[in-house]
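Just the heavy atoms: all of them, side chains too, but no hydrogens, waters or symmetry mates, feed the values below. Quick note on labels: first sequence line is chain A, next is B, and so on, each numbered from 1.
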Amino acid sequence: GIQVEQSPPDLILQEGANSTLRCNFSDSVNNLQWFHQNPWGQLINLFYIPSGTKQNGRLSATTVATERYSLLYISSSQTTDSGVYFCAVVPHTGGFKTIFGAGTRLFVKA
Amino acid sequence: EAQVTQNPRYLITVTGKKLTVTCSQNMNHEYMSWYRQDPGLGLRQIYYSMNVEVTDKGDVPEGYKVSRKEKRNFPLILESPSPNQTSLYFCASSARRGQGTSEQFFGPGTRLTVL
């Protein structure tokens, strides 16, 4: 089945720094989403981005479907950005299963 | 307010005592799904449903049952819970879009402990 790999696994930033998180997937997808899981366990939608580029405030994302990767950019990080960032894909084949990456754990220091 | 709700939010039970976790969405979504999240294993899909009376297995369906009798509800049933089903469970829903789905919206999670 499809493999979804996220990097880096862990990231520590000073408040105000920028970062790039990466999601690689091994097969074509119909759907790709980025989520933020906050320290209270809530899963928050960031982007639905099977292809192209989107921006929402300090966050932006780019998916290059032909090269099978997606990037999440966080600019001017804040302590509230801490948590785990997941990408999740629905493969082009295999019904409507959703596969999550293992996540990137981000800690932003004040 | 558009949302996915789950009940209960927290549950402690004993081995073998049947339980049901409810999930409901008010967005008229066709697609609903259950996931479990475990340390070191991430989020894994248990079952999903593309519409009423249509369900399919995810990656970890053993020990679980689901039903989709109404579009808005997708309960998760553990007929004989075991300690290895102790986990954080999420329900999600999304609209159908072409050959896939639109963005998934997640419920707040149910933390289950089986003693």
Would you say [X] has more than 12 foreign heavy atoms packed within less than 6.0 Å of its [atom1]?
{"X": "A:R105", "atom1": "CZ", "answer": "no"}
{"X": "B:K57", "atom1": "NZ", "answer": "no"}
{"X": "B:R111", "atom1": "CZ", "answer": "no"}
{"X": "A:I12", "atom1": "CD1", "answer": "no"}
{"X": "B:I12", "atom1": "CD1", "answer": "no"}

Need one label for B:R97: side chain, backbone, both or neither, based on atoms under 4.5 Å from any heavy atom in chain A.
side chain
What part of B:Q104 gets closer than 4.5 Å to chain A, counting heavy atoms only: side chain, backbone, both or neither?
both
Spatial distance of atom [atom1] ([X]) from atom [atom2] ([Y]) [nearest 0.5 Å]:
{"X": "A:F96", "Y": "B:D56", "atom1": "CZ", "atom2": "CG", "result": "10.0 Å"}
{"X": "B:S102", "Y": "A:N30", "atom1": "OG", "atom2": "CG", "result": "12.5 Å"}
{"X": "B:E103", "Y": "A:L46", "atom1": "CD", "atom2": "CG", "result": "10.5 Å"}

With no hydrogens and no angle check, is any side-chain donor or acceptor of B:Q45 less than 3.5 Å from a backbone partner on A:T98?
yes
With a 4.5 Å cut-off on side-chain heavy-atom distances among I, L, V, M, F, W and Y, is there a chain of contacts connecting B:L76 to B:F74?
yes
Connected via hydrophobic side-chain network under 4.5 Å: A:F25 and A:W34
yes
Apply side chain to side chain contact (heavy atoms under 4.5 Å, CB included) to residues B:Q37 and A:F100 and explain how you reach the verdict.
CA-CA 10 Å; B:Q37 185 176 22; A:F100 275 77; over 6 Å; no
Please flag which part of A:Q33 lies under 4.5 Å from any non-hydrogen atom of chain B: side chain, backbone, both or neither.
side chain
Which bit of A:I99 is near chain B, if near means a heavy-atom gap under 4.5 Å: side chain, backbone, both or neither?
side chain
By the definition ring pair (Phe, Tyr, Trp, His ring centres under 6.0 Å), identify the one residue from B:F106, B:F105, B:Y35 that meets it with A:F35.
B:F106
